[in-house]
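When a ligand or atom number is given, it counts from 1 through the structure's own listing order. Keep in mind the model is a prediction, meaning the values are calculated, not measured.
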Amino acid sequence: MKPCLSYPYAKILCFLAARLTNAAIQLNLDDDQSIKQAAGRAAYDMMTYYTGNETGDTPGNLPDPYYWWECGAMMGSLINYWYYTGDTTYNKIVEEAMLHQAGPEYDFEPQNQTKTLGNDDQAFWGMAAMTAAETGFADPPDSHPGWLALAQGVYNRQTSRWDPTCGGGLRWQIFPFNTGYNYKNSISNGCYFNLAARLALYSGNQSYADEAIKTWDWMWNVNLIKHDTYHIVDGAHNTDNCTSMDATTWTYNSGVFLLGAAAMYNYTNGSALWKDRVDNLITAGKKFFVNDVMIEACEGGKCNVDQRSFKAYYTRWLAATAILAPHTHDNIITEFQTSAAAAVRTCTAGDTGTACGLQWTQETNDGSLGVGEQMAVMEIIQSNLVDKAAGWRSDIKGTGTSKGDDTAGMDNTTSADHLFGAAVTTGDRVGAGFLTALTLIGVVGSSAFMIIGE
Ligand SMILES: *[C@@H]1O[C@H](CO)[C@@H](O)[C@H](O)[C@H]1NC(C)=O
Ligand SMILES: *[C@@H]1O[C@H](CO)[C@@H](O)[C@H](O)[C@H]1NC(C)=O
Ligand SMILES: *[C@@H]1O[C@H](CO)[C@@H](O)[C@H](O)[C@H]1NC(C)=O
Ligand SMILES: *[C@@H]1O[C@H](CO)[C@@H](O)[C@H](O)[C@H]1NC(C)=O
Ligand SMILES: *[C@@H]1O[C@H](CO)[C@@H](O)[C@H](O)[C@H]1NC(C)=O
Ligand SMILES: *[C@@H]1O[C@H](CO)[C@@H](O)[C@H](O)[C@H]1NC(C)=O
Ligand SMILES: *[C@@H]1O[C@H](CO)[C@@H](O)[C@H](O)[C@H]1NC(C)=O
């Protein structure tokens, strides 16, 4: 694609030309059927990357260069796809992937993934399970725990990892041998906060709300949430008591706290405290829009594979916020309409002719193609149906149908971190061989989200 010129006249012509001819994905926002078809197109192109349903491949894995977590994030977006469009095409794939990756302890800590298993990675799968419970996604067979129990499994595992350095918070990495063990990042703490708040809203159990409050307070005290602007920076190192920070502000950090705050706002029946936090995060989030079209912090520069998917999560969390905190609704919907209209104009590339690009503000395909790009466009399209969707279910409302288990994930005899713990403390049991193997091949871990200290 030729980029649009920057002269005003040429720009207008390019814009009109793109509207009339280039838009390989047609989208009429006044027509639900058109929105569903457009989302279906983006979903189809996204799923051309997925091989986990092929014979001999592992369900719930995307091929290189995608890390394990992104497949969990993708399953979450496919649950939303079904929820908003009613299209069940991918539901079997989702169920199979989720149940396979939940692992033997049903807490999304599969041993295969130890190298890339940070708290945030695990939580993206946990939040997908939570979404399944909230939206009433078809229950797994009775022989398996329910979606709610899988989300609780992740929550319980993470509760046990609350860490005393820097006065609290979760570390990024779970295992000391992974790079990033000394990093306390906003997304790991944000996912835990988000999950805790949603579990509180679903179950009515104050214990979850207490953990959400504790996490928010720690983020605030350590200054990862900026007191003047409510911008949320990426993270801090515990080696200097979390005083030096990576100050990048990503959409998904803002979004994960926004939805958690909206869930707490709703859970507290509209408290002034949580309303204030929701409103401040919405205001802070204005930096992620140019004329109501969403942009990521790295756009214009180089976005890595992970970062290219972040707008998908910001979108999905904004959509849920619009419902749980109705006073934010109209503003969010305007951003969805404008962003979706811009985003589909980038969907003109690839073998299918409908693969989407990264920078929606360009209104033309920028050549950046992949799972993240597809997921983000799919979410921004389908989120325009948020008002048509049946509301989230919950036990409080009496509409929750997903089976829960308060003690999920606590019987951790084969979870990856238990094996590691057993190996260092007792030097025997099955964990020892596992640890030795890792040491011998010199695993140093790879950063699942970003290179530390770059
Ligand atoms: C895997 O799923 C895709 C849809 O995303 C489908 O086109 C393909 O046929 C499936 N493969 C198998 C072996 O079922
Ligand atoms: C772990 O890896 C093995 C061997 O590749 C595979 O058979 C199994 O399905 C994987 N398990 C998970 C949970 O990914
Ligand atoms: C370390 O940081 C925490 C959280 O900001 C703070 O409460 C604590 O006083 C700090 N400790 C030292 C020794 O500075
Ligand atoms: C919200 O209101 C309901 C109904 O009045 C009440 O049962 C519930 O305890 C309230 N929740 C909180 C967290 O105050
Ligand atoms: C909580 O969310 C529901 C939608 O699930 C909404 O109808 C209700 O107004 C919200 N409560 C508050 C206090 O905004
Ligand atoms: C509330 O949740 C906590 C934490 O999971 C659990 O220990 C407790 O049993 C739950 N309480 C009720 C009344 O369900
Ligand atoms: C495993 O579970 C037990 C009991 O719930 C708990 O005391 C222990 O700390 C857990 N171990 C790890 C490594 O999380």
Below 3.5 Å, N or O to N or O, backbone or side chain included: is there any such pair between Asn205 and ligand 6?
yes
In ligand 3, the atoms that come under 4.0 Å of a heavy atom of Cys166 are 3 (C), 4 (C)
Answer with yes or no whether the side chains of Tyr44 and Thr352 bring together a donor and an acceptor at under 3.5 Å.
no
Short version for Tyr155: what comes under 4.0 Å of ligand 6, heavy atoms counted, is neither
Measuring only between side-chain heavy atoms, which start at C-beta, is Asp87 closer than 4.5 Å to Lys36?
no
What pairs of residues pass the salt bridge (Lys or Arg N to Asp or Glu O under 4.0 Å) test when at least one of them lies in residues 174-203, not counting sequence neighbours?
Glu134-Arg198, Asp163-Lys184
Quick one: are Met74 and Tyr50 in side-chain contact, heavy atoms under 4.5 Å?
yes
Enumerate, one pair per line, all nitrogen or oxygen atoms of ligand 2 lying under 3.5 Å from a protein nitrogen or oxygen, stating the separation to 0.1 Å; write 'none' if no such pair exists.
from     : atom 1 : to     : atom 2 : distance (Å)
ligand 2 : 2 (O)  : Asn112 : OD1    : 3.4
ligand 2 : 2 (O)  : Asn112 : ND2    : 2.2
ligand 2 : 9 (O)  : His100 : NE2    : 2.8
ligand 2 : 11 (N) : Asn112 : ND2    : 2.9
ligand 2 : 14 (O) : Gln101 : NE2    : 3.2
ligand 2 : 14 (O) : Asn112 : ND2    : 3.3

Could you give all pairs that pass the salt bridge (Lys or Arg N to Asp or Glu O under 4.0 Å) test and reach residues 57-80, with sequence neighbours left out?
none
Checking the N or O distance criterion of under 3.5 Å, is ligand 6 in contact with Asp406?
yes
Under a 4.5 Å cut-off applied to non-hydrogen side-chain atoms, are Trp360 and Ile295 in contact?
no
Ring centroid separation Tyr192 to Tyr155 under 6.0 Å:
yes
For a 4.5 angstrom cut-off between non-hydrogen side-chain atoms, does Thr243 reach Asp240?
yes
Disulfide (SG to SG under 2.5 Å) contacts in which one or both residues fall within residues 36-111, not counting sequence neighbours
none
Could you tell me whether ligand 3 has any atom less than 4.0 Å away from a heavy atom of Cys242?
no
Which of the ligand 6 atoms, numbered from 1, are nearer than 4.0 Å to a heavy atom of Ser207:
1 (C), 2 (O), 3 (C)
